[in-house]
Amino acid sequence: MSKPSIPQGTRDFSPEEVRKRQYILHTLQDIFELYGFQPLETPSMENLVTLTGKYGEEGDRLIFKILNNGLHEKKEEDKAKLNAEWNNLLSKPYSTPVVTERALRYDLTIPFARYVVMHQNELAFPFRRYQMQPVWRADRPQKGRYREFWQCDADVVGSTSLINEAELLGIYQNAFDKLHIPVTIKINSRKLLAALAELCGMPEKMMDITIAMDKLDKIGWIGVAKELQERSISDDGIWQIEKVINVTGNNEQKLAAFADIMQHSASGMEGINELSKTLAYHKELLPPSDKDVKTGIEVDISLARGLNYYTGVIVEVVCAHPDVKMGSIGGGGRYDDLTGLFGLKGLSGVGVSFGIDRIYDVMEELKVFPEQLATGTAVMLVNFGGENEIYALHLLQKLRAAGIAAEIYPDAAKFDKQMKYANKRGIPYVMLPGDDERQKNMVSLKNFSTGEQQLLTPDECIRIIQSA
RNA sequence: GAGGUUGUAGCUCAGCCGGUUAGAGCAUCAGAUUGUGGUUCUGAGGGUCGAGGGUUCGAGCCCCUUUAGCCUCCCCA
């Protein structure tokens, strides 16, 4: 069986799908630009050492590695080394520059950090950039998860002001508002999670605690408690965590309750302070009429986020529509020392990411794409061959000069075949430049949705199509 | 990495208890109809039943192996 196929977890995008995806991308781009962010692109592949160790142990496993070229051309003495390394590769998870030294981009944040470090002397800090490019993960695909997918990131690096956090919240609200997706933006702080681990008397267990807590809405408290036990958290610690999770109320009430519980933890109080300051700034950014409406921003202590470079405020966006079962469609947070990984210390950054593949799926499910996205060819010219063909080409040029998307059926095929083609393409107008029309220097214009047909001058046709 | 599930025409899927030449709808192509599409009618092409092995007089169907997709867990967007 030699049917063609594409690699697991990748997709083709039909013309309609591309249009819809571009609609999302353009919407986001407009908003990023409106907030003063600048575009950036980085290569699809990075040096493997740039990526390894940045995403945790699981992340390293999911990096797509690129086999070195010319392995078969190695000199004899290098081949012995290659064979030895190859055996290592087969026996354990292991990478060696002899076999692979490049890898596909896993996310946009690390390449961004790499870029900032490499160009630190040219950049004006705080540097605000957005980036929309595909990333690759060797994950096992499933619903809403692909091996190649796009991320759209906006980050600010070189400023610790919480105004940045507040603005990024604004970007999220602005974007999902424009895309007509109801969302809840969950917000938390790694510092609260650290404080919680302190409270349990196990500060080193912060990752275990957060990973377990993150599953709260999936498996419920009973499940989380069980997982905490499995991760050897003490009963007292679990009780502390339960206390925090049971806190309810609006954001102010929650933060006040956390402050009460964590009053002896410096990092806890710091986290609470940051969250309330962020929310206060954000409130000032809202248009006046919106200041007292529900913002859709929800403090959620169970929010963890996997990436282990986050240090401060973290956010995650989920679709708030009850019928949509989809994981997060965006996330982000502050990372205090991201560029430190590449030797540039003391540069703090904060950013958000949009998962546009999931956003697409959600919009499809909610049917919120605009109707008129498919603005392809507006008019097709039927090809009657001979002199009529030349006449049609002149008309075609005239249409395009007037800014009308037009095409001619390239072959003088049977009339019925040409009409069927136009119909299948959903082209709204068809022009019939035949003998009669040519001799009068006019053309028949047929509206394909009404079936109406008129004999008109080319200029009249242009006016009609333009005003449609 | 673990588990579940499905592979039959280009697509979506039937296919009985194992029985002779494997079907349907859609799509494609041709004709009715060489200046009028969508609708209709007629006809045609299209299959290594995912692959390999086994059981059987006989396998799309049963057994084993293998492979690919989908779904779940882990983790993540």
Side-chain angles (χ1 to χ4, degrees), chain A residues 1-11 55-63 92-93 105-109 132-153 207 210-212 214-215 218-219 223 227 230-231 304-308 315-319 325-332 352-362 380-386 388 409 411-438 443-455:
Chain A
M1 193 57 61
S2 66
K3 280 185 196 174
S5 62
I6 55 175
Q8 186 185 32
T10 65
R11 295 155 296 164
Y55 308 108
E57 201 181 317
E58 180 73 7
D60 279 356
R61 229 166 47 82
L62 300 181
I63 293 171
K92 59 183 178 186
R105 180 169 59 218
Y106 179 90
D107 74 351
L108 302 179
T109 308
M132 307 194 286
Q133 289 188 281
V135 302
W136 293 268
R137 296 187 188 175
D139 206 353
R140 182 158 292 202
Q142 46 186 283
K143 190 181 169 71
R145 286 172 78 169
Y146 307 98
R147 286 186 151 178
E148 178 185 66
F149 61 98
W150 280 60
Q151 280 190 341
C152 304
D153 281 22
M207 281 311 289
T210 56
I211 288 170
D214 196 36
K215 298 175 188 166
K218 246 189 201 169
I219 59 179
E227 176 141 355
E230 281 162 12
R231 289 173 185 267
R305 309 251 341 128
L307 297 173
N308 51 13
V315 294
E316 184 163 285
V317 184
V318 293
C319 179
K325 299 268 177 287
M326 180 67 78
S328 72
I329 53 178
V352 291
S353 177
F354 291 81
I356 87 143
D357 296 277
R358 286 187 175 180
I359 290 172
Y360 180 100
D361 289 347
V362 169
M380 186 196 90
L381 283 83
V382 172
N383 187 337
F384 288 108
N388 294 326
Y409 197 92
D411 306 289
K414 275 203 285 189
F415 189 77
D416 135 276
K417 188 170 178 171
Q418 300 193 37
M419 294 297 266
K420 277 184 175 158
Y421 168 83
N423 185 60
K424 195 168 181 181
R425 284 278 309 276
I427 296 171
Y429 288 97
V430 167
M431 271 189 184
L432 311 176
D435 290 332
D436 295 348
E437 288 88 348
R438 177 168 48 82
V443 69
S444 295
L445 180 69
K446 185 183 173 83
N447 180 324
F448 239 46
S449 50
T450 63
E452 264 173 54
Q453 188 174 321
Q454 293 173 274
L455 186 63

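Lettering follows sequence order; numbering is per chain, from 1.
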Would you check, one step at a time, whether the test side chain to side chain donor-acceptor pair (under 3.5 Å) holds for Y55(A) with D107(A)?
CA-CA 9 Å; Y55(A) 308 108; D107(A) 74 351; 2.7 Å; yes

Please tell me whether S444(A) and E437(A) have a donor and an acceptor in their side chains that are separated by less than 3.5 angstrom.
yes

RNA chain B in dot-bracket, Watson-Crick or G-U pairs under 3.5 Å, [ ] crossing, | other strand?
(((((((..((((.....[...)))).(((((.......))))).....(((((..]....))))))))))))....

Sugar-phosphate, base or nothing in reach of [X], heavy atoms under 4.0 Å:
X: R11(A); answer: nothing
X: Y146(A); answer: base
X: I356(A); answer: nothing

If you measure from the P atom in U48(B) to the same atom in U6(B), how many Å do you get, rounded?
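Looking at atom P only, U48(B) and U6(B) are 23 Å apart.
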
For atom [atom1] of [X] and atom [atom2] of [N], their distance in whole Å:
X: Q142(A); N: C70(B); atom1: CD; atom2: P; result: 10 Å
X: D139(A); N: U72(B); atom1: CG; atom2: C1'; result: 13 Å
X: E227(A); N: C74(B); atom1: CD; atom2: P; result: 7 Å
X: D214(A); N: C73(B); atom1: CG; atom2: P; result: 13 Å

Nucleotide-resolved protein contact map, nucleotides 29-39 of chain B, B/S/- at heavy-atom distance under 4.0 Å:
--S---BBBB-

Check whether any side-chain N or O of Q418(A) sits under 3.5 Å from a backbone N or O of N383(A) as a donor-acceptor pair, and report yes or no.
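Answer holds: yes.
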
Determine, stepwise, if the pair D411(A) / K417(A) fulfils salt bridge (charged side-chain N to carboxylate O under 4.0 Å, His left out).
CA-CA 10 Å; D411(A) 306 289; K417(A) 188 170 178 171; over 6 Å; no

Below 4.0 Å: OP1/OP2 of A77(B) and any side-chain N or O of Q151(A)
no

Taking only the side-chain heavy atoms of R140(A) (C-beta and beyond), determine which of G1(B), C70(B), C75(B) contains the nearest atom.
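Nearest to the side chain of R140(A) among the choices is G1(B).
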
Between the base of C74(B) and the side chain of R61(A), is there a donor and acceptor pair under 3.5 angstrom?
no

